[in-house]
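Structure first, commentary second.
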Amino acid sequence: MKKLLVIFLGVLMVSTFCFSPIATAQLNQVDSQAASLVAANHIKAEAVESLNGWANATISTPLSLYGLDEKIKAYGFNVLKDSNIVGYIIVNSDKNDAPVPEFGVGSGLPFQSGIDQARLAAEKQLKAGESLDKEKVIYLSALTYTVEFPVYEGQHKLEPIFVDIHNGKILQRSDFASVSAESENQAKNNKAWEHLSTNSIVQPMNNIVERIIAGVPFYAWYRGCAPTSAGMVMAYWRGHGYPQLPIGNALIDQLANAMGTDRNGNTITSNIPGAITYIALYHGYNWTSWNDGEGRAASTYAKYKNEIYNGFSVVTNMYGSSIYGNHTVAGVGYRFDDYQQWIIVHDTWNTTNNIYLDYNSTEVNDPLWTYVHP
Amino acid sequence: MDLRPSVVLITLLLFLLVGCNKLPQGRSDQLKTGPNLLSEADTIKLAKEQAKLLTVDKVEMDTAGPIYRVVFGLDANNVRKVIWVSDHIEYQENLDKGISREDAMKIARERGFDNNTGIQLVYIPQKAKQIASLRNSPSNIFWWVRTPDAEITHQLFLNFYYGTVVYEWEKK
């Protein structure tokens, strides 16, 4: 009996160590060298000259970006071509999350130009005898950058000063919402890490598949994001066999009234399909529209892709998005390769260009598709 | 079988703990999408309390990116201020630091806009700038001049501080 107990305890200890969060976290940690390889491979994978001009581009030395726990959260790289900065890449340091949470074309790491201004803002907070040490960039989620300035009074370390890089605002620790690195699509992330961490040459992705429904209008926000976006989806059909439908503000007014959009521009999501079918019927057309379930388990990429493939734009609702909060946009296309999946949307924040959102990231976070079938 | 009450209790507690984390998704009945705004009355109250406005001239909407209410008013030091409010104060600036609405409209008229043109003083945080020219601008405040319908045919973003054209787009 004693023997059994010892064996049981032994197994318990080993399994506790192997599967403990600390052990798992260390296994999944990426150093700057490995991150540099991922960034370099990302350039090769994305080097579609006509899209981003990144053919034969190189990366800068890595810049460490930190979490609030003082651990390295990610690495930032400028993309260089002929000594010019032509973009940037951020690589996560934790393999539990997507390898490249964000990259940008055209200009360098978005926070670099704001560091000096952030330091000026931090200096204004100092009391007599206090001084600032070298700053650290805090990176909690895509497009969110904060600078942390350690503060010293002589040799004594005080609470640091945090400055929002975008507006120079002083932040407190309590201002930071907790961000979970846990991904809902770990298998896909694993595959992307494996591909981008290879030492062999990564080929440009010639197998990128992109499909966009041409002719969906761009509407600027009016009365609410849900009626505006549903308006874009419906207005497309006016030129495709449904000429009685109104367009623009007139259509959005009707949809907002039918959805019960409030004076602040908020709409209850479950009202959207009924409003769409009601307005279609009001103009003489018998349409169907329905909501899928909330979250990636119900509103899957495959279902979205299938709708677009068959020519139906999707009213795309997102909850807790790192960019938008709770927001609705018009889904007009998709783009995917072996490693990443984007949805292409018309957003009320940009009335001239398609926006690409990574389906597996916190940009989309919790999706809910509203299907519209004339 | 000897089932002690403490074992049963612990098992039940574990079941509840695990079960609560595995609630199925799919709720959509009361989910809302839209901006997180205070009512106009609460916005004015907040601007008076926190930004020390004595009088409020008007409240408008900023719909260029994240949606804000925009409060124009005068503070105790006789400074004309503009304040962007969501459910809290997002940003504020002295109105006299930039070009006036009239000057912005004058520039717009020179570029073909008429008197029916819509104009907003907008604050777009760097992370919300989706147009490359705006992203590359050091300013986050713009005069946004645009044709009035949701389907915009001509729009202009002017740097609030200098009146320079940051972005112009016209449907061909």
Side-chain angles (χ1 to χ4, degrees), chain A residues 104-107 110 113-114 142-145 165-167 169 217-222 224-226 228 231-232 235 247-249 251-252 261-270 291-298 317-319 323-328 347-353 355 366 368, chain B residues 24-40 42-43 61-67 69 84 86-93 118 120 123-136 138 140-141 144 146-153 155 167-171:
Chain A
V105 176
S107 49
S113 60
L143 302 168
T144 307
Y145 317 103
I165 202 102
H166 297 308
N167 55 24
K169 270 187 193 168
F218 289 94
Y219 284 174
W221 192 95
Y222 174 59
C225 54
T228 305
M232 290 189 249
I247 54 169
N249 286 9
L251 174 59
I252 299 170
T261 302
D262 69 20
R263 293 182 65 188
N264 287 345
N266 289 297
T267 306
I268 296 173
T269 318
S270 57
N291 277 349
D292 211 322
E294 177 214 354
R296 291 193 193 118
N317 309 284
M318 298 175 283
Y319 303 97
I323 304 176
Y324 300 110
N326 295 349
H327 190 42
T328 303
D347 180 13
T348 61
W349 293 12
N350 181 339
T351 53
T352 50
N353 294 314
I355 302 296
D366 240 2
L368 187 154
Chain B
Q25 290 198 326
R27 69 200 158 88
S28 67
D29 283 356
Q30 286 305 313
L31 285 173
K32 282 184 179 180
T33 59
N36 206 9
L37 292 183
L38 296 176
S39 68
E40 190 168 318
D42 286 342
T43 301
M61 291 285 278
D62 166 359
T63 63
I67 310 298
R69 290 193 201 280
W84 286 266
S86 54
D87 63 343
H88 60 279
I89 291 178
E90 291 282 346
Y91 201 72
Q92 52 182 305
E93 184 55 285
Q120 297 179 8
Y123 165 69
I124 311 179
Q126 186 68 22
K127 66 179 178 181
K129 289 177 178 172
Q130 291 188 341
I131 297 170
S133 318
L134 302 188
R135 225 168 19 242
N136 293 333
N140 291 340
I141 305 177
W144 183 34
R146 44 166 284 200
T147 49
D149 193 80
E151 188 161 14
I152 290 172
T153 53
Q155 61 178 321
Y167 176 72
E168 183 171 15
W169 177 86
E170 191 164 10
K171 192 171 184 178

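What you are looking at is a predicted structure, and each value in this text was computed from that prediction instead of being measured. Here is how names work: the chains are called A, B, and so on, in the same order as the sequence lines, proteins then strands, and each is numbered from 1.
- Proximity to chain A is absent for every atom of B:L134, based on heavy atoms less than 4.5 angstrom apart.
- Across all non-hydrogen atoms, the minimal contact from A:W349 to B:G65 is NE1-O, 3.1 Å.
- For the residue pair A:I247 and A:A235, the shortest heavy atom distance occurs at CG2-CB, 3.9 Å.
- Contact count against chain B (heavy-atom pairs under 4.5 Å) is highest for A:D347 among A:D347, A:N353, A:T261, A:D262.
- Looking at A:T348, only its backbone comes within 4.5 Å of chain B, counting heavy atoms on both sides.
- Between A:N326 and A:Y319, the shortest heavy-atom contact is OD1-CA, 3.3 Å.
- Between B:Y123 and B:Y91, the two ring planes are parallel [angle under 30°; tilted spans 30° to 60°].
- At a 4.5 Å heavy-atom cutoff, the contact between B:I67 and chain A is made by side-chain atoms alone.
- Counting heavy-atom pairs under 4.5 Å between each of A:T352, A:T328, A:T351, A:N317 and chain B puts A:T352 at the top.
- Proximity to chain A is limited to the side chain of B:Q155, based on heavy atoms less than 4.5 angstrom apart.
- Minimum heavy-atom separation, A:G265 to A:W221: CA-CZ2, 4.1 Å.
- B:I152 and B:T147 make their closest contact through CA-OG1, 3.5 Å (heavy atoms, listed as atom of the first residue, atom of the second, distance).
- For B:A64, the part sitting under 4.5 Å from any heavy atom of chain A is the backbone (N, CA, C, O) and nothing else.
- Only the backbone of B:P148 comes within contact range of chain A, with heavy atoms under 4.5 Å apart.
- Chain A forms more heavy-atom pairs under 4.5 Å with one residue of B:R146, B:K171, B:M61, B:R69 than with any other, namely B:R69.
- A side-chain donor from one of B:K129 and B:N140 sits under 3.5 Å from a side-chain acceptor of the other.
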